[in-house]
Structures are given as structure tokens and as C-alpha cells.
Amino acid sequence: MKIGIIGYNLFAIGGTARSNINLMTELVRNNEVVYYFNYAYFTQKDIKKFINQHSLFEKVNFNSVINLFNRQHLPDDIDYLIITREDLFPLSKLLHELFPNAELIGEIHTPLPLLPQQLDGLADLSCVRVANQRIQRQFAQKYHYSNIFVQTVNAGHIHWNIKETKENTTNNFVISSRFAENQKDIMYALKLFNELHKRGAKQYHLFLKGTGPDKWKYKKYIKEHNLTQMISFTKQLPSNFVYLSTSRFETFGYSIMEAIANHHPVLAYVGDDKSIEQIYSAFPSITWFTKQNINDDIQKLIKISKFKITKEIYQEDLAEFNKLTCNKNYVQALFRHFSQFNKVQSTVCLSSEGLDNLKSQIEQKLGKMNPNIFKKIYYCLRKIPIFDQIFKLIH
């Protein structure tokens with residue numbers, strides 16, 4: 001079969017990009033013909049570098065979302081089109097016109113509280129995939145939409161090794177995340193460590209790994225509260241640590257699963273909507289906190305620093321992982337879900353004005369599909385390490 005994946009940016013770091021990589025890897029292994037359409041600007045050099053890292057992607061046909069509007073370099077036909085960014089759901093009308101035989105599926109990656117009250121393009125999809133039953137119920141209620149199926153994102157890149165289990169304790173804590181305060185609430189972690197500092201418990205250390213618009217806020221807080229000896233930004237993580245998640249919302253939480261598979265205990269916030277707690281409730285290596293009482297959360301932080309991941313605990317985690325992800329039969333399970341829903345028929349033919357309006361609607365949220373020459377030069381310079389460091393200092 002021919003499968004099209006439409007995403008925002010495969011070449012960036014993030015959970016949705018990782019999900020798309022894993023999905024396409026499984027599709028290629030299943031001998032499907034895969035087409036990938038990227039919204040953000042990219043170059044042939046990006047593709048070459050990407051294929052060097054993921055050799056299976058030599059078989060993937062790379063394309064750009066802008067070519068859907070230009071009607072250039074498109075396949076003759078596609079069986080399924082999977083849209084993996086909610087802001088791209090409005091493309092469904094154009095996709096129906098370009099690929100009338102295709103079945104259109106949407107994926108929900110953004111936490112529901114962060115989605116708008118109206119989701120344009122939803123009615124033109126045959127169905128949508130969500131991460132768990134709680135999200136399924138809430139999505140149906142919020143959007144009065146019933147064509148929803150539950151299947152977690154593929155986690156095939158995560159490798160487990162029972163032989164490497166080390167029963168260590170540690171005072172190191174790690175957050176590896178995009179620095180986007182609205183969703184991740186990393187400031188709460190800084191407040192926890194500031195409270196430890198006040199109590200004289202300076203043996204604990206928090207390592208922050210990531211990039212994002214709110215990094216300056218964290219630097220400012222750390223400096224103002226004299227926490228430089230307890231909190232640091234890093235690219236290289238220590239070998240032993242507790243993974244800390246303060247995120248308000250997660251639809252799956254790859255970083256949590258990656259930490260567990262690599263023998264690290266996890267201290268995680270239950271989430272504003274409790275979705276992440278529902279997903280991982282049966283994993284014994286996770287300790288949950290609520291943000292309702294900072295003293296209680298401090299005690300849990302201190303307690304988990306003495307927690308040991310035994311082989312028995314690790315085996316229980318692995319068993320729960322296998323139940324949750326169905327990695328071995330992921331593509332077959334996906335196609336079974338698709339077959340439960342009827343394909344939405346659409347005879348809409350977009351006028352030139354309608355096409356321009358659609359393009360403008362999407363670009364208002366996601367930026368220009370085809371940036372001007374100055375942005376292209378800036379993009380290329382950011383790929384050169386020395387210039388990237390200069391731009392980071394400027395920002």
C-alpha cells in the first residue's frame with residue numbers, strides 16, 4: 001500500500017518527530033510505500049544527514065507540504081494519508097481533491113487543553129488516533145466527534161537490556177525537554193531545588209538538557225536564587241540519575257519511557273488532566289507527585305534518590321511496556337483500526353481564492369511554508385556549529 005505522512009518538521013527534536021520516525025520505520029519494514037510531506041523548510045542536505053542516521057529512510061519519498069498547494073512532484077495515488085499535526089488538519093479538503101481515493105486519518109499529539117475549541121478540518125477525516133481511553137472520552141465530548149481509536153505512539157526506538165541493570169542510588173536529577181514553560185512547567189522543578197537549597201540539602205543536583213524559548217527564564221531564576229551549584233544546563237548527562245518530569249500535559253511522554261528503559265527511576269507529576277498517570281500507572285519504577293504541597297513533593301524527591309531499580313522491577317517495567325505499545329504488530333494493529341471506519345467522501349474543489357485562504361489560515365499558525373531568501377540563509381547558517389553558537393548567544 002501507499003501511505004502518506006504529513007508532519008510539521010521531521011528534522012527537529014521532539015516527541016511528534018520521534019513518533020513519525022518510528023511510524024515510518026515500521027511502515028518501511030512492513031514493505032509499504034511511504035511518502036513524507038514536511039511543512040517546515042528543509043534542504044537536500046537535511047535529508048542526506050537524516051538518511052545517514054536512519055538508513056531505512058532511503059526508501060522514503062520526501063516531499064514538501066508546499067508542493068501540495070503547487071501540485072508539483074506528487075504521487076499519482078495514495079491509499080492512506082496520516083496528518084500528524086492538528087494545525088494541518090485543514091489540509092484535508094485539499095487532500096481529498098488531490099487524492100480522492102485516499103482515506104484521511106488524523107493524529108492527536110497536542111494535549112487537549114492546549115487545542116482550540118474548534119478543530120478545523122476534523123469533519124473531513126475518516127478517524128483520529130489518540131493515546132488512551134481518557135483522551136478518547138474527552139476528545140469525543142469536546143468536539144462531538146466519535147470516529148476515534150486508541151493506540152499509543154510507536155516506541156520501537158526504545159531498547160531494553162535486563163543485563164545492564166544496576167541497583168544504584170543517586171542525588172542526580174535530570175529533565176530532558178523542550179524549554180516551553182506553558183506545557184513543561186520546569187519552573188516548578190527549580191522551585192523544588194530552591195527549597196532544598198534553603199534547607200541546606202545542597203547534595204542534590206538538577207541537570208537541564210534541551211532548548212526552547214524559556215531558557216532565559218530558568219537562567220534568571222537560577223542566578224537570582226544562587227542555585228548555580230545545584231542546577232546546571234548540560235548536553236552530557238551523568239550515568240546515574242532520577243528522571244524528573246514536571247510537565248502539565250503529556251500525550252505519551254517518550255522521555256519518561258526512555259528513562260525507564262535505561263534503568264533510571266522516574267519522579268513525575270500526575271499531569272493536570274491525569275492522562276500521563278493513566279498511561280504509566282502500572283510501572284513500578286515511577287513515583288508520582290501532585291504539586292499540591294511542596295513539602296510532600298520534596299519528601300518524594302528525597303525518597304526516590306534512595307530508590308534502587310532491581311532486576312525484578314525492571315522486568316515488571318518491561319512487561320508493562322510490551323502491553324502498552326504492541327510494537328511487534330504495530331502496523332497491523334494500525335490498519336485494523338483504519339478498517340473500522342468508513343472513508344469520508346468529499347467532492348469539494350477549491351477555487352484559487354479558497355486555496356489562498358487555506359494557505360493563509362495554516363501559515364498564520366505555523367509560519368511561512370516557503371520562507372524568503374534571508375530566512376533560508378539564516379536556516380543554513382544555523383546548521384554550521386560556529387554560527388549556531390553565535391545565534392544562541394544573541395538570543
Side-chain angles (χ1 to χ4, degrees), residues 3-30 32 34-40 42 46-47 49-60 62 65 82-88 105-111 114 128-132 135 150-160 174-180 183-184 208-212 235 237 243 245 247 249-262 264 266 268 271 275-276 279-280 283 317 321-322 324-328 330-331 333-334 366:
I3 317 294
I5 311 292
I6 300 175
Y8 175 70
N9 193 3
L10 190 71
F11 309 102
I13 297 170
T16 305
R18 181 74 259 179
S19 172
N20 285 342
I21 291 169
N22 289 358
L23 173 59
M24 287 190 283
T25 297
E26 293 304 313
L27 289 169
V28 170
R29 285 175 177 164
N30 203 56
E32 314 297 343
V34 179
Y35 298 87
Y36 176 74
F37 297 86
N38 203 66
Y39 183 89
F42 64 96
D46 291 323
I47 296 175
K49 180 180 177 182
F50 190 81
I51 290 174
N52 285 338
Q53 296 170 338
H54 309 277
S55 58
L56 277 176
F57 279 69
E58 286 181 337
K59 298 180 180 179
V60 172
F62 288 92
V65 167
I82 305 171
I83 308 175
T84 65
R85 172 93 176 214
E86 297 86 355
D87 291 332
L88 293 173
I105 296 97
E107 288 196 337
I108 305 301
H109 288 275
T110 302
L114 302 182
V128 296
R129 182 197 65 76
V130 299
N132 60 54
I135 297 175
V150 175
Q151 185 170 349
T152 61
V153 291
N154 183 272
H157 73 290
I158 298 177
H159 301 289
W160 296 70
V174 163
I175 293 178
S176 179
S177 169
R178 177 166 168 75
F179 298 147
Q183 180 179 347
K184 302 301 183 181
L208 299 174
K209 181 182 179 183
T211 59
K235 291 183 179 179
L237 297 179
Y243 188 77
S245 173
S247 183
F249 310 103
E250 290 287 353
T251 52
F252 182 76
Y254 272 127
S255 60
I256 292 175
M257 189 67 84
E258 288 163 357
I260 295 170
N262 284 295
H264 302 294
V266 174
S275 289
I276 198 69
I279 292 173
Y280 289 99
F283 285 75
D317 284 329
F321 171 82
N322 289 332
L324 180 66
T325 58
C326 65
N327 276 340
K328 292 181 180 178
Y330 194 86
V331 172
L334 198 65
L366 299 180

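The figures that follow rest on heavy atoms only: side chains count, while hydrogens, waters and symmetry mates do not.
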Non-neighbouring partners of Arg178 that pass salt bridge (Lys or Arg N to Asp or Glu O under 4.0 Å), sequence neighbours left out: none

Taking the side chain as C-beta and beyond, is there a heavy-atom pair between Ile6 and Val65 under 4.5 Å? yes

Evaluate the side-chain proximity of Pro111 to Glu250: yes if any heavy-atom separation is below 4.5 Å, no if none is. no

Going by the rule salt bridge (Lys or Arg N to Asp or Glu O under 4.0 Å), which residues pair with Arg85 if we only count those two or more places apart in sequence or in a different chain? Asp87

Run Leu23 and Leu334 through side chain to side chain contact (heavy atoms under 4.5 Å, CB included) and show every step you take. CA-CA 10 Å; Leu23 173 59; Leu334 198 65; 3.8 Å; yes

Is the closest side-chain heavy-atom distance between Phe252 and His109 below 4.5 Å? no

Pairing residues for Phe283 by the ring pair (Phe, Tyr, Trp, His ring centres under 6.0 Å) criterion, not counting sequence neighbours: Tyr280

Would you say that Phe62 contacts Ile51 through its side chain, given a criterion of any heavy-atom pair below 4.5 Å between the two side chains? yes

Run the side chain to side chain donor-acceptor pair (under 3.5 Å) test against Thr25 and tell me which residues pass, sequence neighbours left out. none

Test of understanding: with side chain to side chain donor-acceptor pair (under 3.5 Å), list the residues that count as partners of Tyr36, not counting sequence neighbours. Asn38

For a 4.5 angstrom cut-off between non-hydrogen side-chain atoms, does Thr84 reach Tyr8? no

Tell me every residue that passes side chain to side chain donor-acceptor pair (under 3.5 Å) with Ser177, counting only those two or more places apart in sequence or in another chain. none

Verify the neighbour count for atom CG of Leu114: are there more than 12 heavy atoms of other residues, nucleotides or ligands below 6.0 Å? yes

Test log, rule side chain to side chain contact (heavy atoms under 4.5 Å, CB included), inputs Leu27 and Val60: CA-CA 10 Å; Leu27 289 169; Val60 172; over 6 Å; no

For His264, the ring pair (Phe, Tyr, Trp, His ring centres under 6.0 Å) test, sequence neighbours excluded, returns Phe241

Sequence neighbours excluded, which residues qualify as side chain to side chain donor-acceptor pair (under 3.5 Å) partners of Ser245? none

Under 3.5 Å, side-chain donor or acceptor atoms of residues 253-262 against the rest of the protein: list the pairs with distances, not counting sequence neighbours.
unit_1, atom_1, unit_2, atom_2, d
Tyr254, OH, Asn154, O, 2.6
Ser255, OG, Tyr243, OH, 2.9
Glu258, OE2, His157, NE2, 2.7
Asn262, ND2, Glu258, O, 2.8

Please lay out, stage by stage, how Ile82 and Ile3 fare under the test side chain to side chain contact (heavy atoms under 4.5 Å, CB included). CA-CA 8 Å; Ile82 305 171; Ile3 317 294; 4.1 Å; yes

Student check: side-chain heavy atoms of Leu88 and Leu366 closer than 4.5 Å: yes

Taking side chain to side chain contact (heavy atoms under 4.5 Å, CB included) as the definition, give me every residue that meets it alongside Lys59, ordered by chain and number, with sequence neighbours left out. Val28

